[in-house]
Amino acid sequence: MQESITSDKITLTQYGFQSATNSQSNPESIDGYLNKVYDKFLEDQKLDETGVKNRISRLREEVILEKSRKNDLQAEITTYNANKIDKENEIQELELERIDIKNGEGELGDTTSFIIGAFITILLTLYLFVFYSSSGYSSFYGIKQGSLGFINANVFSDALNRGGGVFALIILFPVIFLGLGFLIHNALEENKGLVKEGKSQKYNLISVLLFITFIADAFIGYKIAEGVHNNEFNAGRTNELWNFNMIFSDINFYLVLILGFVVYVIWGFLLNYVLSHSYLKTENEKTKIMLGNINNRIQEKRNELNIILSKIAKAESDILSCNAKIEDKEKNISGYETGDIPINISTLKAAIGEFMGGWQYFTNGNFNSDEALKLNNEAIRVQTNWMKSKIENLNA
């Protein structure tokens, strides 16, 4: 005989325990007990007239809120769609620009600045070649009377008169400094590559190269200042013998540093500007660089477009959710108004769960573990089928 649960004093867990006791945990009897739990659940859902009115009022407020949220989402979608069209247009423009670059119509940079920079670089290269040839010859082979040392108009003829080896040395000596300048250019290019990769720049090599050049110029300046002073002493225009401290007040030493090292640094940066300019790149390199830039910009725009599409998809999904909630709440309102009380499925499942908890508690305490496991598994199967059938009937 099945137990009644009309009393509020007995809980669903207790009722499940009593039902299992009466049936000795027979799974075939669960359907009848679950029907009584369902009847009790329906009884508990009934409200008085005031309760029904309050429930209807609350549901209508919730419907208004959901409709307001739906309108906001629709406005967001309109904005997102406008942004989507803008991004698609931007991508299309970049695609057309990429086609123009492939057809050789891309902009290569400021040609005027390149021409001026190249012209100055060539002149400074010739200047440094003459400067280091003259100053190097003076450092190695002495300074003529009346000569400043770093300016020798006859440096090449004088060197040739001393022999082919001296002439070759004076011709090749400036190449050392030009080579150091080229190494500085390469170091600067490597730093540009590090910046593109998001890494920190390295200045150790550049500092070492500049330091070597400065020391070389200082030695040359020292030898020239000493030679000029000795010529002055031999001519009787000064009575002081040369000593090292004189270098700090000798104008020739500073002129060598300014006209040599300072100009060398300026030439080094100009050389880097000219050699790294896109105008000197081969056509394939130019196209590759510009296409790389365009592709990066296109990818950025596509990423932004994907974000917008994701927002649109989420907003559309939220609208579907709002429609489902609105439909469900309006259905509940209609049910309360007609006396057909709507069933809250999640609350029903919780009630059935309490009942099954009491049923399994009795089974585990009164049968051995293997038998209890078998009975509980069968009871859960019957309960699952009952719940599935009940929900289908409610939604029909």
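Computation of the quantities below employed the complete heavy-atom set of this structure, encompassing side-chain atoms and omitting hydrogens, waters and symmetry-equivalent molecules.
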For this session: Could you tell me whether the side chain of Tyr254 and the main chain of Phe248 form a donor-acceptor pair under 3.5 Å?
Result: yes
For this session: Answer yes or no: is there an ion pair linking Glu76 with Arg69, defined by an N-O contact shorter than 4.0 Å?
Result: no
Exercise. Does the side chain of Leu126 reach to within under 4.5 Å of the side chain of Val130, using non-hydrogen atoms?
Worked result: no
Exercise. Going through the checks in order, is the side chain to side chain donor-acceptor pair (under 3.5 Å) test met by Asn303 and Gln299?
Worked result: CA-CA 6 Å; Asn303 290 340; Gln299 187 58 49; 3.0 Å; yes
For this session: Give a yes or no on whether a salt bridge exists between Glu66 and Lys70, defined as a side-chain N under 4.0 angstrom from a carboxylate O.
Result: no
Exercise. With distance as the sole test, does Glu354 use its side chain to make a donor-acceptor pair with the main-chain N or O of Ala351 at under 3.5 Å?
Worked result: no
Exercise. If you count the non-hydrogen atoms of other residues, nucleotides and ligands that lie under 6.0 Å from NZ in Lys329, is the total more than 12?
Worked result: yes
For this session: Carefully, step by step, assess Ser25 and Trp359 under the rule side chain to side chain donor-acceptor pair (under 3.5 Å).
Result: CA-CA 7 Å; Ser25 298; Trp359 180 284; 4.5 Å; no
Exercise. Is there a donor-acceptor contact under 3.5 Å from the side chain of Asn35 to the main chain of Asp31?
Worked result: yes
Exercise. Ring centres of Tyr15 and Phe355 under 6.0 Å apart?
Worked result: yes
Exercise. Under 6.0 Å from the CZ atom of Phe119, do we count more than 12 heavy atoms belonging to anything else shown?
Worked result: no
Exercise. Is atom CD of Gln92 surrounded by more than 12 heavy atoms (other residues, nucleotides or ligands) closer than 6.0 Å?
Worked result: no
Exercise. Within a radius of less than 6.0 Å around CZ of Phe182, do more than 12 heavy atoms belonging to other residues, nucleotides or ligands occur?
Worked result: no
Exercise. Within the side chain of Asp217, is there an N or O that forms a donor-acceptor pair under 3.5 Å with the backbone of Phe261?
Worked result: yes
Exercise. Parallel under 30°, tilted from 30 to 60°, perpendicular over 60°: which one fits the rings of Phe177 and Tyr132?
Worked result: parallel
Problem set entry | N/O donor-acceptor pair under 3.5 Å between Thr121 side chain and Gly117 backbone | yes
For this session: Check the surroundings of atom CZ in Phe173: do more than 12 heavy atoms from other residues, nucleotides or ligands lie under 6.0 Å from it?
Result: yes
For this session: Report yes or no: does Ser389 contribute a side-chain atom to a donor-acceptor pair with the main-chain N or O of Trp386 at less than 3.5 Å?
Result: no
Problem set entry | Partners meeting salt bridge (charged side-chain N to carboxylate O under 4.0 Å, His left out) with Lys301 (sequence neighbours left out) | Glu90
Exercise. Would you say the side-chain atoms of Ser68 pair up with the backbone N or O of Ile64, donor to acceptor, closer than 3.5 Å?
Worked result: no
Exercise. Just wondering, more than 12 heavy atoms not from Phe269 lying within 6.0 Å of its CZ?
Worked result: no
Problem set entry | Partner set under salt bridge (charged side-chain N to carboxylate O under 4.0 Å, His left out) for Glu226, not counting sequence neighbours | none
Exercise. Does the side chain of Thr125 reach to within under 4.5 Å of the side chain of Leu178, using non-hydrogen atoms?
Worked result: yes
